[in-house]
Amino acid sequence: MNAPLPLGHPWPTTLYLALYMVTLSAHFLLMHYVVAGVLYTAWCAGSPRKGALDGPLVSLIRDWLPLMLGGAITAGVAPLLFVQILYQKHFYTANLLLFHRWMAVLPVLIAAFYALYLMKTSRFARWPRAGRAALAAATLGLLGFIGWSWTENHLLSIQENAWVEQFAGESWFYAHGTLLPRALFWLCNTVPTLAMMLAWQRRYQEKISEGDEVEDCSRRLAIVAVAGSVLIIATAGFWAAAITPGVREAVTGSPNVTFVVMLAIGMAVEVAGWAWVFSKRRLRGGALLGVSVGTGLRIFSIVGLREAIRLAHIDIAALYPRHAAAAEVGGLGLFLLILVINTLLIAASIWLVRRGWREE
Amino acid sequence: MDLPYYPINDFGPLMKGLAIGGLGIIHVFLAQFAIGGGMLLCYLQWLAQTGRCRQARAFVDGYFKVLVLVSFVLGAVTGVGMWFTTIQVSPRTIGMMVDEFHWIWAIEWTFFSLEVTAGYCFYRYGKRLNDSSRMALLSLYATAAWFSLFWINGILSWQLTPGGWTETGHVWAGFFNPSFFPSLIFRTVTSMAIAAFAACLVINLMPEGNREDRTILLRKAAHFLAPLGLMPLLGVWYFATIPADSRAYVMGGSAAMTLFMSLAVLVSFLIGAYSLLALLKRTMYMNGATSLLLLALTLVATAGGEFVREGVRKPYTVRMALYSNSIRPDEIEHLRRVGSVTNDPYPLLEAEELPNEQLRLGAKVYRFQCSICHTTSGVNGLKELTHAWSPEQKRLMIAQLQRTKPFMPPFAGSAEELEALVQYLQWHGEGQPDDWPETHDEEVLAQIQQWLDEAGTQAGQAHTGDVANSGGEQ
């Protein structure tokens with residue numbers, strides 16, 4: 001195991017790890033938009049300023065939040081599938097141990113979904129301040145509950161020696177020292193991701209505005225993104241201090257240090273891109289492309305570190321035979337073929353919409 | 001033998017199957033609404049753009065909003081919820097399904113992604129697009145939704161009729177199993193009916209348009225009810241493909257299965273009869289209340305059908321491969337030798353309430369082997385089911401469980417465990433007294449062992465009326 005994840009394992013394990021890490025990264029990308037978007041909406045909803053919810057950024061966010069959550073859920077199905085191949089017993093056991101608490105994620109997610117649709121309406125912006133702030137805060141709370149539950153579930157799944165005690169204690173909660181720093185780190189990561197995606201959306205709005213005055217948000221986005229990056233570094237330190245020396249060594253030692261380096265490079269590229277945007281006051285495609293590459297590197301490296309920490313707790317070699325047996329079942333070739341076809345059809349759907357606009 | 005032990009939760013007086021059944025029915029209903037809805041919208045869009053129904057275009061946009069708000073939210077989340085719930089009820093079942101069919105599920109995910117993308121594109125921008133683009137998006141959405149059904153149907157039907165997979169273990173032999181096509185067509189027709197009734201409801205709730213417009217739209221939507229006429233044939237085809245013992249449960253072998261099947265058939269007949277009448281008698285107007293009632297009846301029929309589909313698999317969750325209590329047939333012999341809970345690391349939560357060690361062992365055996373389908377004194381409660389049996393009867397009935405009831409799996413533990421279970425049931429039956437003596441009669445244990453040996457480790461055989469026709473797999 002002298003190669004960074006997902007490499008360094010027999011090919012079935014590498015294959016499932018690669019699919020898991022890539023699809024989880026895609027899920028995080030969309031989920032970041034939702035979490036940070038609701039956070040920003042809640043901030044604006046609580047603002048005494050008149051028309052606080054009509055600003056260009058918050059309007060855009062409110063409009064896109066339900067779609068982004070739908071996308072996040074859709075993208076989340078794939079890693080949920082692959083985690084069941086990779087760590088079946090661990091994942092299932094954690095689900096069972098948290099029981100009602102874990103199952104509560106479903107109604108909470110449904111409630112959050114409908115709340116986002118409610119916040120999308122123009123009527124919401126005209127609500128009294130207390131009402132709109134309450135709804136936005138409640139939605140944030142619901143999403144927070146889901147994030148917290150996933151984190152707790154994940155932490156419990158990798159602590160095999162805690163399972164029997166957890167069951168005997170009949171507790172619906174699993175307290176772990178890294179839960180809070182981990183959750184904070186994750187939360188801070190949502191901010192620059194949202195900024196990047198918003199920048200693309202604003203750039204597109206500018207392009208299709210056909211000469212209409214479009215408020216410049218480039219500097220605001222750059223400031224928020226860089227502030228988020230600073231918070232990421234701070235919470236990463238908090239998290240690193242909370243994990244045990246053994247795990248820290250596993251994460252920062254060879255070969256997983258690759259992800260630490262990748263994270264640093266990704267964030268540096270992001271910050272450089274935002275610095276350019278700030279200085280030029282423009283959302284240029286090249287700069288945003290750089291920021292996007294940086295964001296991609298950051299998210300993928302966090303996923304890599306997440307797996308490295310998991311593997312510091314789990315004997316993955318013991319799971320190789322399971323992965324090898326799973327890889328023997330047929331269907332991979334057809335999956336890859338249909339993945340390509342459906343990806344093209346997804347692109348075609350978007351192209352149809354763009355073409356329709358142009359014709360209009 | 002590496003048998004994984006999972007923590008087993010107590011659902012109280014509720015049978016675990018009710019949890020998955022309840023969510024499953026809602027999810028299936030919503031998913032079928034999305035599938036039929038996509039097809040219906042394509043049809044109405046075609047009517048609109050070819051000038052056959054000018055009212056259809058506005059309706060398509062309105063109906064799609066309902067589809068997004070209901071199906072994209074509740075349907076998507078309950079779909080993920082099915083995984084979570086199945087894990088709570090039977091982690092080994094879902095684990096086996098995922099292990100065998102993960103690439104199929106991955107393929108289904110790509111269609112789900114296409115469905116969501118095309119759907120949201122239409123939802124956000126459909127009104128601003130020309131007819132050909134609208135039709136293209138709706139076609140992509142409908143095709144992807146139907147293919148989601150196609151892939152999932154293969155996995156679900158495999159559970160009851162694994163076909164050649166049992167011998168070869170090949171994924172495609174299991175996927176294109178004997179009940180695949182009848183089940184697929186049956187569900188497609190059901191989806192069309194659900195979409196049509198939902199459309200009738202939406203048409204009645206539309207603020208715009210007059211009664212004449214609504215009548216025209218109702219008639220067009222009702223075209224999707226016509227395939228209901230095929231239901232009897234499809235039903236017969238489906239039942240011809242399922243194992244003979246499963247068929248026998250429905251045909252009177254199991255009162256619950258027969259009852260639910262009768263309910264599903266009766267309700268389906270009523271729905272079909274009304275629908276055909278509405279189609280033939282063109283002056284008939286289906287108002288909002290009637291549409292809602294028919295939609296509710298479709299839910300009842302779906303519930304009955306899904307309950308039967310789950311129930312007739314017994315004693316398996318995956319036929320010939322995994323019993324309903326999550327024990328594999330090839331593990332029974334091993335567990336009878338070493339004990340089913342000897343290696344279970346999870347302690348008994350109510351240990352303090354039990355007067356002796358034997359009852360504690362019995363409680364663990366109950367938890368491991370019985371609690372997935374039974375409760376102690378709630379739904380399908382063992383206390384009530386076995387109350388009239390003497391201890392001697394309990395020993396015999398449980399030792400030869402697959403003969404007692406062929407939809408029960410064979411007992412998968414040692415003689416000592418069986419005796420402990422009998423004492424645990426007896427103790428419950430007698431009101432859980434504070435004192436309870438342990439029984440360690442060697443003769444009793446020897447008799448239990450003899451009964452266990454006589455019954456063997458194979459599944460029981462339901463009376464099918466045809467000895468040669470028992471599904472060909474026993």
Side-chain angles (χ1 to χ4, degrees), chain A residues 19 23 66-67 70-71 73-78 80-82 84-85 88-89 91-93 95-97 99-100 102-103 105-107 109-110 113-114 117 163-164 166-168 170 322 325-326 329-335 338-339 341-343 345-346 348-350 352-353 355-357 359-360, chain B residues 4 6-9 23 68-69 72-74 76-81 83-85 87-88 91 94-95 98-107 109-114 116-125 128-130 133-134 136-137 140-141 144 169-172 175 345-347 349:
Chain A
L19 287 167
T23 54
L67 190 151
I73 292 170
T74 307
V77 169
L80 194 55
L81 173 66
F82 295 121
Q84 293 180 69
I85 300 287
Q88 190 168 99
K89 188 176 177 186
F91 182 66
Y92 289 176
T93 302
N95 280 217
L96 287 156
L97 289 171
F99 196 26
H100 295 98
W102 177 243
M103 294 303 291
V105 162
L106 298 172
L109 185 54
I110 290 170
F113 217 146
Y114 282 120
Y117 273 109
W163 291 352
V164 171
Q166 177 76 18
F167 181 74
E170 294 184 75
R322 256 196 58 76
V329 304
L332 172 61
L334 187 65
F335 162 65
I338 292 183
L339 178 67
I341 293 171
N342 282 345
T343 304
L345 290 174
I346 286 170
S349 302
I350 296 163
L352 275 171
V353 169
R355 190 191 66 169
W357 265 5
E359 282 175 1
E360 195 184 27
Chain B
Y6 288 102
I8 298 173
N9 291 310
L23 190 73
V68 166
L69 283 173
F72 278 37
V73 179
L74 287 175
V77 178
T78 54
V80 176
W83 262 342
F84 289 176
T85 316
I87 291 167
Q88 290 296 332
I94 191 67
V98 166
D99 285 346
E100 295 296 326
F101 292 105
H102 53 281
W103 295 122
I104 303 291
W105 246 312
I107 290 169
W109 168 69
T110 67
F111 279 102
F112 180 47
S113 301
L114 174 60
V116 169
T117 308
Y120 270 124
C121 281
F122 189 87
Y123 172 67
R124 284 188 69 91
Y125 307 110
R128 301 165 63 175
L129 300 177
N130 61 27
S133 297
R134 281 166 66 88
L137 278 179
L140 279 175
Y141 168 79
H170 198 277
V171 67
W172 298 115
F175 184 79
Y346 295 101
L349 297 178

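Note on naming: letters A, B, ... go to the chains in the order of the sequence lines (proteins, then strands), and numbering restarts at 1 for each one.
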When heavy-atom pairs shorter than 4.5 Å are enumerated against chain B, which of A/Leu80, A/Leu19, A/Leu97 gives the highest number? A/Leu80

Proximal component of B/Phe84, with respect to chain A [non-hydrogen, under 4.5 Å]: both

Side chain, backbone, both or neither: which part of B/Val77 has a heavy atom under 4.5 Å from chain A? both

B/Leu140 versus chain A, the contacting section by heavy-atom distance below 4.5 Å: side chain

Sort A/Ala325 into side chain, backbone, both or neither according to what part of it lies under 4.5 angstrom from a heavy atom of chain B. neither

Can you check whether B/Tyr6 reaches B/Tyr346 side chain to side chain, under 4.5 Å on heavy atoms? no

Taking all non-hydrogen atoms of both residues into account, name the closest pair between A/Gln84 and A/Arg322 and its distance. O-NH2, 3.7 Å

Check whether A/Leu334 gets within reach of chain B through its side chain, its backbone, both or neither, counting any heavy atom under 4.5 Å. both

Of the backbone (N, CA, C, O) and the side chain (C-beta and beyond), which part of B/Leu114 lies under 4.5 Å from a heavy atom of chain A, both, or neither? both

By a 4.5 Å heavy-atom criterion (distance strictly below it), what part of B/Trp109 contacts chain A: side chain, backbone, both, or neither? side chain

Options B/Val171, B/Thr85, B/Leu349, ranked by heavy-atom pairs under 4.5 Å with chain A, top entry: B/Leu349

Greatest number of heavy atom pairs closer than 4.5 Å to chain B - which of A/Ala168, A/Ala75, A/Gly70, A/Ala78: A/Ala78

Interface moiety of B/Arg124 toward chain A, non-hydrogen atoms closer than 4.5 Å: side chain

Let me see the working for B/Tyr141 and B/Phe122 under side-chain contact (heavy atoms from CB on, under 4.5 Å), right down to the final yes or no. CA-CA 9 Å; B/Tyr141 168 79; B/Phe122 189 87; over 6 Å; no

Considering only heavy atoms, which portion of B/Ile8 lies under 4.5 Å from any heavy atom of chain A: side chain, backbone, both, or neither? backbone

Atom pair OG (B/Ser113) and CG (A/Leu345), whose distance is rounded to the nearest 0.5 Å: 12.0 Å

Show, in sequence, the C-alpha distance, side-chain angles and deciding distance for B/Ile104 and B/Trp172, and conclude whether the side-chain contact (heavy atoms from CB on, under 4.5 Å) test is met. CA-CA 10 Å; B/Ile104 303 291; B/Trp172 298 115; 3.4 Å; yes

Could you grab the distance from atom NZ of A/Lys89 to atom CG of A/Leu96, nearest 0.5 Å is fine? 11.5 Å

Please determine, among A/Leu109, A/Val105, A/Ile85, A/Ile110, the option with the most heavy-atom pairs under 4.5 Å with chain B. A/Ile85

Any idea which of B/Ile107, B/Leu23, B/Ile94, B/Val98 has the most non-hydrogen atom pairs under 4.5 angstrom with chain A? B/Ile107

Would you indicate whether the side-chain heavy atoms of A/Phe167 and A/Thr93 approach each other to under 4.5 Å? no

Non-hydrogen atoms of chain B under 4.5 Å away: do they reach the side chain of A/Ile73, the backbone, both or neither? side chain

Passing candidate, ring pair (Phe, Tyr, Trp, His ring centres under 6.0 Å) with A/Phe335, options B/Trp105, B/Phe101, B/Trp103: B/Trp103

Where on A/Phe99 is there a heavy atom nearer than 4.5 Å to chain B: the side chain, the backbone, both, or neither? both

Which heavy atom in B/His102 sits nearest to a heavy atom in A/Ala326, and how many Å separate them? CE1-O, 3.1 Å

Between B/Asn130, B/Thr117, B/Ile87, which residue shows the highest count of heavy-atom pairs closer than 4.5 Å to chain A? B/Ile87

Full working for side-chain contact (heavy atoms from CB on, under 4.5 Å) between A/Leu352 and B/Tyr125: CA-CA 10 Å; A/Leu352 275 171; B/Tyr125 307 110; over 6 Å; no

Sort out for me which of A/Ile341, A/Leu81, A/Leu339, A/Val77 touches chain B most, counting heavy-atom pairs under 4.5 Å. A/Leu81

Aromatic ring centroids of B/Phe72 and B/Tyr120 under 6.0 Å? yes

Taking every non-hydrogen pair under 4.5 Å, which of A/Phe91, A/Phe82, A/Trp102, A/Tyr114 racks up the most with chain B? A/Tyr114

Given B/Ala136, B/Pro4, B/Pro7, the one with more heavy-atom pairs under 4.5 angstrom with chain A than any other is B/Pro7

B/Asp99 portion near chain A, given a 4.5 angstrom heavy-atom threshold: both

Honestly, the part of A/Pro107 sitting under 4.5 Å from a heavy atom of chain B is neither

Kindly give the heavy-atom pair with the smallest separation between B/Gly169 and B/Glu100, and that separation in Å. O-OE1, 4.3 Å

Under a 4.5 Å heavy-atom cut-off, does chain B meet the side chain of A/Thr23, its backbone, both or neither? side chain

Top contributor to chain A contacts, counting heavy-atom pairs under 4.5 Å, from B/Leu74, B/Val116, B/Val68, B/Thr78: B/Leu74

Among A/Ile338, A/Leu106, A/Ile350, A/Leu332, which residue has the highest count of heavy-atom pairs closer than 4.5 Å to chain B? A/Leu332

With rounding to the nearest 0.5 angstrom, report the CE to CD distance, A/Met103 to B/Gln88. 5.5 Å

Contact part of B/Phe111 toward chain A, heavy-atom cut-off under 4.5 Å: side chain, backbone, both or neither? both

